[in-house]
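Remarks on the structure that follows.
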Amino acid sequence: MQDIIAGTLKFQREAYPERAELFRRLAGSQSPATLFIACSDSRVVPELLTQREPGELFVIRNAGNIVPGYGQEPGGVSASVEYAVAALGVADIVVCGHSDCGAMTAVACGKDLTGMPAVAGWLRHADCAKAISDAGEHAGHDAKVNAMSRENVIAQLANLRTHPSVALALRQGRLRLHGWMYDIASGDIQALDPEQGRFVPLRDCPQTAAMLEDAVRQP
């Protein structure tokens, strides 16, 4: 905790003055363009990965980057998704999984979570991904966990589509969904190619290429 306090004081002393004007603009409102859904894992930092400034990302983080399907009793994730889409009008949602994910390792390997009933219940939202992953052939432990992590990203994108605010925005053509996988050791990011249903390097994803072309054409 001493390091956290020291870091906060350093922020007030050094980092804040450098962005004082930015924070003054943000003090009364926000208009992030992207909702970024990531794992709570301490090694995954959305703003660092995307090199975004404060105010540019609306972030949801939880164990396993999970989005429960919309139901009768929406929770905090559902409320945050709805607010991002309906109130803030984000244009893109990224669901980002990562390598060596503890949550996905527990699901893929059937770890005993008896002592963590809340975690066990939460990870049931990855059951669909587990069923698909288990049906495949895997070379070893790491391959099995990586496959589970990828299938989980795909499953959570499907869950997102069950949310009324997301379904409406998609139908109206004002929202795009993206699935990413981040490799902690290399820094590489793979993106889900929606046409082929597989992950490819971010720079090679057709969806990425189309967005970059649109950016170049804009005045």
Side-chain angles (χ1 to χ4, degrees), residues 1-68 70 73-98 103 122 153 156-157 159-182 184 187 189 191 202 207-208 210-212 214-219:
M1 193 63 195
Q2 290 178 336
D3 290 341
I4 291 177
I5 293 172
T8 303
L9 295 175
K10 183 178 180 181
F11 163 77
Q12 294 174 334
R13 185 175 63 251
E14 300 177 15
Y16 179 86
E18 293 177 357
R19 293 175 171 81
E21 180 56 34
L22 170 62
F23 286 116
R24 277 194 287 269
R25 292 199 307 270
L26 293 174
S29 65
Q30 63 169 325
S31 56
T34 302
L35 166 59
F36 200 97
I37 302 172
C39 187
S40 296
D41 193 297
S42 62
R43 300 165 293 178
V44 180
V45 184
E47 292 83 359
L48 182 62
L49 293 183
T50 59
Q51 293 293 283
R52 296 296 84 198
E53 289 284 352
E56 295 182 331
L57 291 182
F58 193 76
V59 178
I60 297 173
R61 297 184 67 175
N62 60 60
N65 42 272
I66 282 172
V67 182
Y70 194 81
E73 298 182 4
V77 173
S78 297
S80 296
V81 168
E82 185 174 81
Y83 184 77
V85 176
L88 297 177
V90 297
D92 295 277
I93 300 178
V94 177
V95 176
C96 183
H98 67 95
W122 177 250
V153 169
Q156 304 317 316
L157 288 171
N159 285 348
L160 266 173
R161 293 185 176 91
T162 70
H163 290 245
S165 59
V166 173
L168 176 61
L170 287 171
R171 174 62 65 90
Q172 294 177 339
R174 54 185 174 85
L175 181 67
R176 294 168 297 208
L177 302 183
H178 312 266
W180 286 10
M181 273 295 300
Y182 165 57
I184 295 172
I189 292 177
L202 179 61
Q207 191 178 33
T208 301
M211 293 179 67
L212 292 176
D214 288 344
V216 170
R217 285 197 292 266
Q218 289 177 3

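Note that the OG1 atom of Thr34 and the CZ atom of Arg52 stand 8.5 Å from one another [nearest 0.5 Å]. Rounding to the nearest 0.5 Å places CG of Asp41 at 12.0 Å from CG of Asn62. Atoms CD and CG, on Gln156 and Asn65 in that order, are 7.0 Å from each other to the nearest 0.5 Å. Distance CD/Gln30 to CG/Leu57: 11.0 Å, rounded to 0.5 Å. In this structure, CD1 in Ile93 is found 5.0 Å from CG in Leu160, a value given to the nearest 0.5 Å. The structure places CZ of Arg19 at 11.5 Å from CZ of Arg25, a figure rounded to the nearest 0.5 Å.
Ala103 and Ala63 get closest at one heavy-atom pair: CB-C, 4.2 Å. In plain terms, the two heavy atoms of Arg61 and Val45 that are nearest each other are NH1-CA, 4.5 Å. Closest approach of Val153 to Gly179, counting heavy atoms only: CG1-CA, 3.6 Å. In terms of heavy-atom proximity, Tyr182 sits nearest to Cys96 at CB-SG, 4.0 Å. Residue Cys39 comes nearest to Gly64 through the heavy atom pair SG-N, 3.5 Å, listed as atom of the first residue, atom of the second, then distance.
Looking at heavy atoms from C-beta onward, His163 lies in side-chain contact with Val67 at the 4.5 angstrom threshold. The closest side-chain heavy-atom distance from Val85 to Val90 is below 4.5 Å. Looking at Pro68 and Trp122, their side chains come closer than 4.5 Å, going by heavy atoms from C-beta outward.
A search for ring-ring contact (aromatic ring centres under 6.0 Å, His included) contacts involving Phe36 returns Trp180, not counting sequence neighbours. Listed by chain and number, the residues in a side-chain hydrogen bond (donor to acceptor under 3.5 Å, both in side chains) with Arg174 are Gln172 (sequence neighbours excluded).
In this structure a side-chain-to-backbone donor-acceptor pair under 3.5 Å is missing from Ser78 to Tyr70. Panel note: side chain Arg161, backbone Ala167; no donor-acceptor pair is recorded below 3.5 Å.
Within 6.0 Å of atom CZ in Arg13, more than 12 heavy atoms from other residues, nucleotides or ligands are found, so the atom counts as buried in its surroundings.
Taking the six-membered ring where the residue is Trp, Tyr16 and Phe23 present parallel rings, their angle staying beneath 30° rather than reaching 60°.
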